[in-house]
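Here the structure is a predicted model, which means the values were calculated and not measured. Counting starts at 1 for both ligands and their atoms, following the listed order.
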Amino acid sequence: MNIIPYKPGDYALLTKLWGEAGLPYKSEGRDSKEKIEKEVKLNCNRFLFAVLDGKYVGAVLATHDGRKGWINRVAVLPEFQRRGIARKLVEAAEQWLDDQQIGIVACMIEGYNDESFEVFRKLGYIPFEGMRYLTKRKFPGI
Ligand SMILES: CC(C)(COP(=O)(O)OP(=O)(O)OC[C@H]1O[C@@H](n2cnc3c(N)ncnc32)[C@H](O)[C@@H]1OP(=O)(O)O)[C@@H](O)C(=O)NCCC(=O)NCCS
């Protein structure tokens with residue numbers, strides 16, 4: 001399996017993968033084609049695919065703000081899950097963040113997603129109790 005970077009124009013591959021993995025995303029907001037294709041050009045982002053025998057089977061978006069790194073939108077096609085693909089994607093994302101001198105990596109998991117919560121625990125992420133998540137949004141679907 002190869003881990004390869006997202007190239008401009010790969011948006012349809014990414015959203016197909018998210019859809020097939022059942023990952024909700026903000027198609028009219030920060031996950032829109034315009035936003036993703038713009039973000040991927042920034043030095044603070046690294047979007048990766050897992051490719052197996054030429055098939056795009058997984059993806060992750062790694063981002064940082066110069067202070068903290070984030071693992072976003074990790075997804076693996078259902079028929080390729082439980083084979084260590086998410087682990088490889090997340091480790092590649094972490095390596096890139098480490099190369100950017102980012103020493104803390106975080107992820108946010110929606111309350112319903114117990115499976116993903118377990119996956120990240122197994123990948124070494126420690127739940128941070130007592131945190132409240134607040135946002136201010138330009139529009140609801142952003
Ligand atoms: C979450 C997801 C990306 C995991 O992908 P994956 O390739 O199956 O994960 P891996 O095979 O790399 O597994 C990593 C670890 O988590 C464990 N794991 C995987 N799926 C699990 C599950 N459903 N429940 C509990 N543990 C699980 C694996 O056993 C492995 O642990 P180990 O190395 O100690 O054995 C995949 O289930 C998915 O795409 N889900 C839908 C989209 C989603 O919810 N994404 C997360 C958004 S925050």
Checklist entry - Within a strict 4.5 Å, meaning less than it, do heavy atoms of the Tyr56 and Leu77 side chains meet? => result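 Side chain of Tyr56 against side chain of Leu77, heavy atoms only: no contact under 4.5 Å found.
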Item to check | Pairwise side-chain contact, Asp31 with Trp18, heavy-atom cut-off 4.5 Å (strictly under) | outcome: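 Asp31 vs Trp18: side chains touch.
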Starting from [atom], what is the nearest protein heavy atom, named by residue and atom, and what distance separates them?
atom: atom 11 (O) of ligand 1; value: Gly84 N, 2.8 Å
atom: atom 15 (C) of ligand 1; value: Lys122 CB, 4.0 Å
atom: atom 48 (S) of ligand 1; value: Ser116 OG, 3.3 Å
atom: atom 5 (O) of ligand 1; value: Ala86 CB, 3.1 Å
atom: atom 47 (C) of ligand 1; value: Leu23 CD1, 3.6 Å
atom: atom 39 (O) of ligand 1; value: Val76 N, 2.8 Å
atom: atom 1 (C) of ligand 1; value: Val119 CG2, 4.1 Å
atom: atom 24 (N) of ligand 1; value: Arg82 NH1, 3.6 Å

Checklist entry - Just to confirm, does any protein heavy atom lie below 4.0 Å from atom 35 (O) of ligand 1? => result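 Under the 4.0 Å cut-off, atom 35 (O) of ligand 1 has no protein heavy-atom neighbours at all.
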Checklist entry - Is atom 18 (N) of ligand 1 close to the protein, meaning a heavy atom under 4.0 Å from it? => result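 At least one protein heavy atom is under 4.0 Å away.
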Checklist entry - For ligand 1, which atoms have a heavy atom of Glu118 less than 4.0 angstrom away? => result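 Matching atoms, with element in brackets: 25 (C).
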Item to check | Where ligand 1 meets Glu115 - atom numbers and elements under 4.0 angstrom, heavy-atom basis | outcome: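 That gives atoms 23 (N) of ligand 1.
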Next on the checklist: For atom 32 (P) of ligand 1, tell me which residue out of Arg87, Arg83, Gln81 has the closest non-hydrogen atom.
Outcome noted: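 Comparing heavy atoms across Arg87, Arg83, Gln81, the nearest one to atom 32 (P) of ligand 1 lies in Arg87.
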Next on the checklist: For Trp96 and His64, take the angle between the two ring planes, folded into 0 to 90°, and tell me which bin it lands in: parallel under 30, tilted 30 to 60, perpendicular over 60.
Outcome noted: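 Aromatic pair Trp96/His64 classed tilted.
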Checklist entry - If you count the non-hydrogen atoms of other residues, nucleotides and ligands that lie under 6.0 Å from CG in Asp99, is the total more than 12? => result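 Atom CG in Asp99 is packed in, count exceeds 12.
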Checklist entry - Is it true that atom CG of Asp53 has more than 12 heavy atoms of other residues, nucleotides or ligands lying nearer than 6.0 Å? => result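 Atom CG in Asp53 is not crowded, with 12 or fewer foreign heavy atoms closer than 6.0 Å.
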Checklist entry - Side chain or backbone of Leu77 under 4.0 Å from ligand 1, or both, or neither, by non-hydrogen atoms? => result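 It is neither part, as no heavy atom is under 4.0 Å.
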Checklist entry - Same cluster for Ile142 and Ile36 if Ile/Leu/Val/Met/Phe/Trp/Tyr side chains link at under 4.5 Å? => result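 Different clusters: Ile142 never reaches Ile36 through Ile, Leu, Val, Met, Phe, Trp or Tyr contacts under 4.5 Å.
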Next on the checklist: Is there a path of hydrophobic side-chain contacts, each under 4.5 Å between heavy atoms, that joins Leu61 and Trp70?
Outcome noted: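 In one cluster: no.
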Checklist entry - Cut-off 3.5 Å, side chains only: do Glu34 and Tyr11 have a donor facing an acceptor? => result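 No, because no side-chain N or O of Glu34 sits under 3.5 Å from a partner of the opposite role on Tyr11.
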Next on the checklist: Does any N or O of ligand 1 fall below 3.5 Å from an N or O anywhere on Ala21, backbone included?
Outcome noted: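 The answer is no, given that Ala21 and ligand 1 share no N or O pair closer than 3.5 Å.
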Item to check | Residue list, ring pair (Phe, Tyr, Trp, His ring centres under 6.0 Å) with Phe80, at least two apart or on another chain | outcome: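 None.
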Next on the checklist: Is there a salt bridge (Lys or Arg N to Asp or Glu O under 4.0 Å) between Glu118 and Lys122? Walk through the geometry before answering.
Outcome noted: CA-CA 6 Å; Glu118 282 311 311; Lys122 286 178 178 165; 5.4 Å; no
